[in-house]
Amino acid sequence: MHPAKQGCIFVLLFALPLAMPLLPSASASSPSPDPGPGGAQPEASGGRQLARLVRLPNLLIMGLCMVLVRACLLLPNSPWRQVLAPGFGLLVLAALSVGAAGYIINDYYDVKIDAINRPGRLVVGKAVNRRHAMLAHLILSGLGVGLSGWLSPWLGLVNLGSALLLWGYSVRFKRVALVGNLSIATLTAALVLLPELQLRTGHEAVWSYALAAFLLTVVREIVKDVEDMRGDAQHDCRTLPIVWGVPRTKWIAGFFLLCLALLVMGACSRALLTRQWELGLWLLLLVLVPLLLVAYHLRRADRKKHFARLSSWCKWVMLAGVLSMLWMAG
């Protein structure tokens with residue numbers, strides 16, 4: 001097996017068991033059962049609350065994505081000491097710091113909305129003081145921008161733009177139809193491109209993966225807007241399902257899903273025609289077929305639990321897409 005595959009599979013086997021206990025279950029969006037008179041809801045430990053605040057599973061997947069881009073796409077034949085060079089480690093730390101800061105500031109401004117949409121997963125204002133949350137956001141954002149700026153002024157500008165966009169999203173953009181969805185999708189694509197911006201190899205496949213990440217993120221963010229309609233509507237948010245209604249919103253999500261399916265279909269066909277059988281079959285069975293299933297169930301979805309399930313499926317499809325880079329290493 002190629003060294004890049006061996007190393008990344010090791011990282012995956014280490015990261016996923018760590019992340020699995022923190023991933024929401026299929027019923028995570030449902031209210032917790034009533035503990036009864038005089039009872040109390042069990043509180044998660046401080047470590048778990050902190051992990052939930054910064055979305056540790058998402059951060060692990062973000063870090064894995066950056067490692068795979070560098071190891072499998074940009075430096076496929078290089079030794080691990082070059083792949084995991086100190087400069088790249090600092091770039092990953094910077095990106096994850098900005099990402100964690102974004103999650104914190106989003107929860108900071110969404111306390112009232114999350115109290116309606118996800119009361120069982122509320123952290124800021126309940127387990128974490130709001131003032132401390134804001135301080136953590138500022139420290140992590142400063143750390144991310146400062147580290148990347150020390151590596152390269154260009155990388156510093158990209159992470160500064162990401163930090164500002166995350167703040168704008170939390171304060172305003174997420175409440176505007178489609179603007180918030182496109183903002184998060186742009187940030188996801190930028191994460192995929194960061195290793196390429198550091199090395200500047202000109203590898204075209206990185207841009208294809210970034211486009212795929214952009215499209216799938218738009219779909220997932222739109223689905224999440226439908227899931228969160230109740231809380232959003234009570235706080236004057238103007239998201240797509242509130243402005244245009246659920247049926248039209250599903251058509252918009254379907255359009256981005258179709259674009260993504262065509263992109264994956266093209267990549268799958270190209271891989272099979274060039275006899276990259278492993279890559280082609282992976283894309284076909286673990287990315288394209290699940291995307292078609294998402295489209296089928298999106299058409300039939302009409303309840304909050306349906307959209308919560310679709311959101312989780314999109315996350316797993318994204319993970320499968322990220323892991324397809326393993327077969328790009330040869």
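Computed from heavy atoms alone, side chains included, the values below leave out hydrogens, waters and symmetry copies. What you see is a predicted model, and the numbers here were worked out from it, not measured in a lab.
Leu164 and Tyr108 sit in two unconnected hydrophobic clusters of ILVMFWY residues. Membership requires side-chain heavy atoms under 4.5 Å apart, directly or through other members. Leu93 and Leu191 fall within the same hydrophobic cluster, where Ile, Leu, Val, Met, Phe, Trp and Tyr residues are linked whenever their side-chain heavy atoms come under 4.5 Å apart, directly or through other members. One hydrophobic cluster holds both Leu90 and Trp80 under the rule that ILVMFWY side chains link at heavy-atom gaps under 4.5 Å. Residues Leu199 and Leu84 share a single hydrophobic cluster, defined by chaining ILVMFWY side chains whose heavy atoms lie under 4.5 Å apart. Clustering ILVMFWY residues whenever any of their side-chain heavy atoms sit less than 4.5 angstrom apart, transitively, puts Leu194 in a cluster other than the one holding Val98.
Using a 4.5 Å heavy-atom threshold, the side chains of Asn58 and Tyr103 count as touching. In this structure the side chain of Trp207 reaches within 4.5 angstrom of the side chain of Leu193, judged on heavy atoms. Side-chain contact between Leu68 and Met328: absent, with no pair of heavy atoms (C-beta onward) separated by less than 4.5 Å. Within the 4.5 Å cutoff, the side chain of Lys174 has no heavy atoms near those of the Tyr109 side chain. Between Val54 and Leu96, every side-chain heavy-atom pair lies at or beyond the 4.5 Å cut-off. The side-chain heavy atoms of Leu260 and Val219, taken from C-beta on, include no pair separated by under 4.5 Å. In this structure, Val226 and Lys304 have side chains that are not in contact, with every pair of non-hydrogen atoms separated by 4.5 Å or more. Side-chain atoms of Leu283 and Leu288, non-hydrogen and from C-beta on, never get closer than 4.5 Å to each other.
Checking side-chain atoms of Lys250 against main-chain N and O of Arg299 turns up a donor-acceptor pair under 3.5 Å. Of the possible polar contacts, one joining the Glu196 side chain to the Gly202 backbone as a donor-acceptor pair under 3.5 Å is found. Between the Arg175 side chain and the Tyr169 main chain, no donor and acceptor come within less than 3.5 Å of each other. Side chain of Arg55 to backbone of Leu53: a donor-acceptor contact under 3.5 angstrom is found.
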Inset, instruction - Could you check Thr186 against Phe214 for side-chain contact (heavy atoms from CB on, under 4.5 Å), going step by step and ending with a plain yes or no? - result: CA-CA 6 Å; Thr186 300; Phe214 174 88; 3.7 Å; yes
Inset, instruction - Step by step, work out the side chain to side chain donor-acceptor pair (under 3.5 Å) result for Thr239 and Asp225. - result: CA-CA 7 Å; Thr239 58; Asp225 280 349; 4.9 Å; no
Inset, instruction - Start with the C-alpha distance between Phe307 and Met229, add both sets of side-chain angles, then the distance that settles side-chain contact (heavy atoms from CB on, under 4.5 Å), and finish with yes or no. - result: CA-CA 11 Å; Phe307 292 100; Met229 274 184 66; over 6 Å; no
Legend entry - Step-by-step side-chain contact (heavy atoms from CB on, under 4.5 Å) determination, Arg70 to Gln198: CA-CA 10 Å; Arg70 185 173 170 101; Gln198 185 180 36; 3.5 Å; yes
Inset, instruction - Step by step, work out the side-chain contact (heavy atoms from CB on, under 4.5 Å) result for Val67 and Phe88. - result: CA-CA 9 Å; Val67 171; Phe88 176 65; 4.0 Å; yes
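Expressed to the nearest 0.5 Å, how far CG of Leu323 lies from CG of Leu64 amounts to 6.0 Å. Rounded to the nearest 0.5 angstrom, Leu166 CG and Ser141 OG are separated by 7.5 Å. In this structure, the separation between CE on Met66 and CG on Leu74 is 10.5 Å, given to the nearest 0.5 Å. We find the CH2-CZ distance between Trp167 and Arg172 to be 12.0 Å, quoted to the nearest 0.5 Å. Interatomic distance, Glu227 CD to Ser312 OG, rounded to the nearest 0.5 Å: 8.0 Å. We find the CG-CG distance between Asn159 and Leu187 to be 10.0 Å, quoted to the nearest 0.5 Å.
Contact between Val145 and Ala163 at its shortest, heavy atoms only, is CG2-CB, 4.3 Å. Closest heavy-atom contact between Ala271 and Thr274: O-OG1, 3.1 Å. Here the shortest heavy-atom pairing between Ala189 and Ala210 reads CB-O, 3.5 Å. Listed here is the closest heavy atom pair of Gly87 and Leu151: O-CD1, 3.5 Å. When all heavy atoms are compared, the tightest approach of Thr217 to Ala185 is CG2-CA, 3.6 Å. Considering all non-hydrogen atoms of both residues, Ala133 and Ile104 come closest at O-CG2, 3.2 Å.
With Ser324 as reference, Leu279 is the one residue of Leu319, Leu279, Leu286 to meet the side chain to side chain contact (heavy atoms under 4.5 Å, CB included) rule. Under the side-chain hydrogen bond (donor to acceptor under 3.5 Å, both in side chains) test applied with Ser311, the options Lys224, His306, Arg220, Glu221 reduce to a single match, Arg220.
With sequence neighbours excluded, the residues that form a ring-ring contact (aromatic ring centres under 6.0 Å, His included) with Trp282 are Trp327.
Ion pairing between Arg52 and Asp107 fails under the 4.0 Å rule for side-chain N and carboxylate O.
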